[in-house]
Amino acid sequence: MLDLKFVQKNLGAVTEGLKKRCKTEPDVAEFARLDEARIALIREAEALKAERNTGSAEVAKLKRAGQDASELMARMSAIGDRVKELDAELGVIEAQEQDWLLKVPNIPHESTPDGCSEEDNPVLRHWGTKPELPFAPKEHWELGQALGGLDFERAGKLTGSRFCVSFGWAAKLERALGAFMLDCAAENGYTEVIPPYIVNKASMTGTGQLPKFAEDLFKIEGQDYYLIPTAEVPVTNLHAGEVLEEDQLPTAYCALTPCFRSEAGSYGKDTKGLIRQHQFHKVELVRFSHPEKSFEDLELLTGHAEMVLQRLGLHYRVIALCGGDLGFSSCKTYDIEVWLPGQDKYREISSCSNFLDFQARRANIRFKAKGAKKSEFLHTLNGSGLAVGRALVAVLENGQQADGSIVLPQALRPYLGGLEKIEAK
RNA sequence: GGAGAGGUAGCGAAGUGGCCGUACCGCGCCCGACUCGAAAUCGGGUUACGGACUAAUAAUCCGUACGUGGGUUCGAAUCCCACCCUCUCCGCCA
């Protein structure tokens, strides 16, 4: 959420800044109208409340002195009625203004490139080289099904489309990937947490999924509970409403959780395989940073995500998201895309973002600088480190051999009892 | 699910219609005194948000907040209603 005071004083700059997103711009005139109305109501109501407070004190005095206060009480009662009306009006206006603020995205950072679609995302760097396979590479679902590890049909029977059952080596490989990624994160100073996979509306609002993107979430029927679409939600909200000490920054957490996404609006996209599922595992890295250090921290965080792919020996590239492709809460995002020979494409496997104080303001996460009188909002960042399901896809497609077997990355073998290769039985 | 107890400042905890959010008391923290320095001791200070006035996120004045949301009242931490959370016991359960 943008700072109300900032929006108040910089309507033009807000409009200008949001143009970079190439989306419908928010109606700042509407905001100005609501804000003026709100302040006018506050002034009127507060003047009356002050009058009522002194009047009520007067009543107490009169009563103690044994004098009649009925006339004053009647007058105060009338003021009370008017205050009630004004407060009700104020409540409506405030809710509208709050709703306006909650639905306006973060302003892209100046270093976020211009552009309106993913075509415009500049490639910043590559790591490794595309593997040259001396045969026609297969897609991961062919490999996975042929080796008896991935079963999409049975998942369809159990639940529906966009789910998968992993058997044997596939289940083990997924577990190995998760454990490996958590160990990498620990090495980089992240504290591992296991948060709830179900959160309430306040948490979803804190990180920005609500109120605008309810249709992307699975909601528990009849309750104020939602399945998390990413560990970002529970982990960022760990410190909601708290004031951290300056020397606690940066605080860094990692979490391996299932993620649940309705994928509304992506009909027909990636309908086969593990790329786009309603449920998948992901290791998420979350950082609570000092405002002066958050851009530095974004580079650090992105490096931590890259390290995982480097150790797995998987070729990837890093791109910067342009304004039009940027997520709602982010001001700057790097995507890491891993090379998939079967698909003959780079596919997103991590997304690393700096949210500045956008989430911190929503979730009320602050820190107090040494010697400072007031606390201030800190900056939150997060990035996948990495998406486990997609990493499994990458391991399969990059490790495939002409005979359909899969050679495993060295780094993963200790997690699989030394196993070097997945072969058909 | 049933019964009971409780939610007040960073922590513990008092207050049960106006003198209590200008919140008893204790701890912690900050400043000062004492000391070569420290501990102990003594003195002072220490909630947040909003409005007005401002160059000011300074001072001052005003308003709001005692789990959350309503209600009663001239006036609510205090009385009433609903909900949430924590703890204890019972039931059920991995």
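Chain letters run A, B, ... following the sequence lines, proteins first and then strands; every chain starts at 1. As the structure is a prediction and not an experimental result, all values here were calculated from the model.
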Enquirer: Distance alone, cut at 3.5 Å: any donor-acceptor contact between the side chains of A:Glu306 and A:Tyr316?
Expert: yes
Enquirer: Do the cysteine sulfurs of A:Cys116 and A:Cys22 sit under 2.5 angstrom from one another?
Expert: yes
Enquirer: When the distance from CG of A:Asp81 to C1' of B:G75 is rounded to whole Å, what number comes out?
Expert: 14 Å
Enquirer: NA contact type, A:Met73, heavy-atom cut-off 4.0 Å: base, sugar-phosphate, or nothing?
Expert: base
Enquirer: Which base sits across from B:G50 as a Watson-Crick or G-U pair, both distances under 3.5 Å?
Expert: B:C62
Enquirer: Output yes when a side-chain donor or acceptor of A:Asn106 lies under 3.5 Å from a complementary backbone atom of A:Phe355, and no otherwise.
Expert: yes
Enquirer: For A:Asn364 and B:A65, give me the distance from atom CG to atom P, rounded to whole Å.
Expert: 19 Å
Enquirer: On RNA chain B, does the nearest nucleotide to A:Ala47 precede the nearest nucleotide to A:Ala60 from the 5' side, or the other way round? Give the residue.
Expert: A:Ala60
Enquirer: Rounded to whole Å, how long is the line connecting atom CD1 of A:Ile79 with atom C1' of B:C74?
Expert: 10 Å
Enquirer: For A:Ser294 and A:Asp297, run side-chain hydrogen bond (donor to acceptor under 3.5 Å, both in side chains): C-alpha distance rounded to whole Å, both residues' side-chain angles, the deciding distance at 0.1 Å, then the answer.
Expert: CA-CA 5 Å; A:Ser294 65; A:Asp297 262 17; over 6 Å; no
Enquirer: Can you tell me how far P in B:G17 sits from the matching atom in B:U78, rounded to whole Å?
Expert: 11 Å
Enquirer: For B:U46 and B:A23, measure between their C1' atoms and round to the nearest Å.
Expert: 14 Å
Enquirer: What does B:G43 pair with, Watson-Crick or G-U, if both distances are under 3.5 Å?
Expert: B:C31
Enquirer: Are any side-chain N or O atoms of A:Asn10 and backbone N or O atoms of A:Ala13, one a donor and one an acceptor, separated by less than 3.5 Å?
Expert: no
Enquirer: State, without any angle test, whether A:Thr380 and A:Gln359 hold a side-chain donor-acceptor pair at a distance under 3.5 Å.
Expert: yes
Enquirer: May I have the distance from A:Asn53 (atom CG) to B:A76 (atom C1'), rounded to whole angstrom?
Expert: 12 Å
Enquirer: Rounded to whole Å, how long is the line connecting atom CG of A:Leu72 with atom C1' of B:U73?
Expert: 14 Å
Enquirer: Does the structure show a Watson-Crick or G-U wobble partner for B:A56, both distances under 3.5 Å? Name it, or say none.
Expert: none
Enquirer: I need the CG-C1' distance between A:Asn200 and B:U68, as an integer number of Å.
Expert: 13 Å
Enquirer: Paired with B:G69: which nucleotide, if any, by Watson-Crick or G-U wobble criteria at under 3.5 Å for both distances?
Expert: B:C81
Enquirer: Mapping A:Ala50 and A:Ala57 to their closest nucleotides on RNA chain B, which lands nearer the 5' end?
Expert: A:Ala57
Enquirer: Atom CG of A:Asp87 to atom P of B:G71: distance rounded to whole Å?
Expert: 10 Å
Enquirer: Mark yes or no for whether A:Ser384, through its side chain, and A:Ser351, through its backbone, hold a donor-acceptor pair below 3.5 Å.
Expert: yes
Enquirer: Scan every strand shown for a Watson-Crick or G-U wobble partner of B:C93, both distances under 3.5 Å, and answer none if you come up empty.
Expert: none
Enquirer: Name the closest nucleotide to the A:Tyr225 side chain, picking from B:G63, B:C85, B:G18.
Expert: B:C85
Enquirer: Rounding to an integer number of angstrom, what distance separates B:G1 and B:C83 when you compare their P atoms?
Expert: 12 Å
Enquirer: With a 3.5 Å cut-off and no angle check, do the side chains of A:Ser56 and A:Asn53 form a donor-acceptor pair?
Expert: no
Enquirer: Please give the distance between the C1' atoms of B:C62 and B:C30 as a whole number of Å.
Expert: 29 Å
Enquirer: Expressed in whole Å, how much space separates the P atoms belonging to B:G4 and B:U60?
Expert: 49 Å
Enquirer: Considering only the P atoms, how many Å lie between B:G67 and B:C85, rounded to the nearest integer?
Expert: 16 Å
Enquirer: Considering only the P atoms, how many Å lie between B:A13 and B:G6, rounded to the nearest integer?
Expert: 12 Å
Enquirer: Give the B/S/- string for nucleotides 46-56 of chain B, one per nucleotide from 5' to 3', where a protein heavy atom under 4.0 Å of the base yields B, of only the sugar-phosphate yields S, and otherwise -.
Expert: --SSBSS----
Enquirer: Any strand is fair game: report the nucleotide pairing with B:G4 by Watson-Crick or G-U wobble, both distances under 3.5 Å, or none.
Expert: B:C87
Enquirer: Under the side-chain hydrogen bond (donor to acceptor under 3.5 Å, both in side chains) rule, what do A:Asp216 and A:Gln209 come out as? Steps first, then yes or no, please.
Expert: CA-CA 8 Å; A:Asp216 295 335; A:Gln209 281 72 22; over 6 Å; no
Enquirer: Taking only the P atom of each, what is the distance from B:U8 to B:C87 in whole angstrom?
Expert: 14 Å
Enquirer: Looking at A:Lys84, does any N or O in its side chain come under 4.0 Å of the phosphate oxygens OP1/OP2 on B:U72?
Expert: yes
Enquirer: Over how many whole Å does the gap from A:Arg52 atom CZ to B:G18 atom C1' extend?
Expert: 14 Å
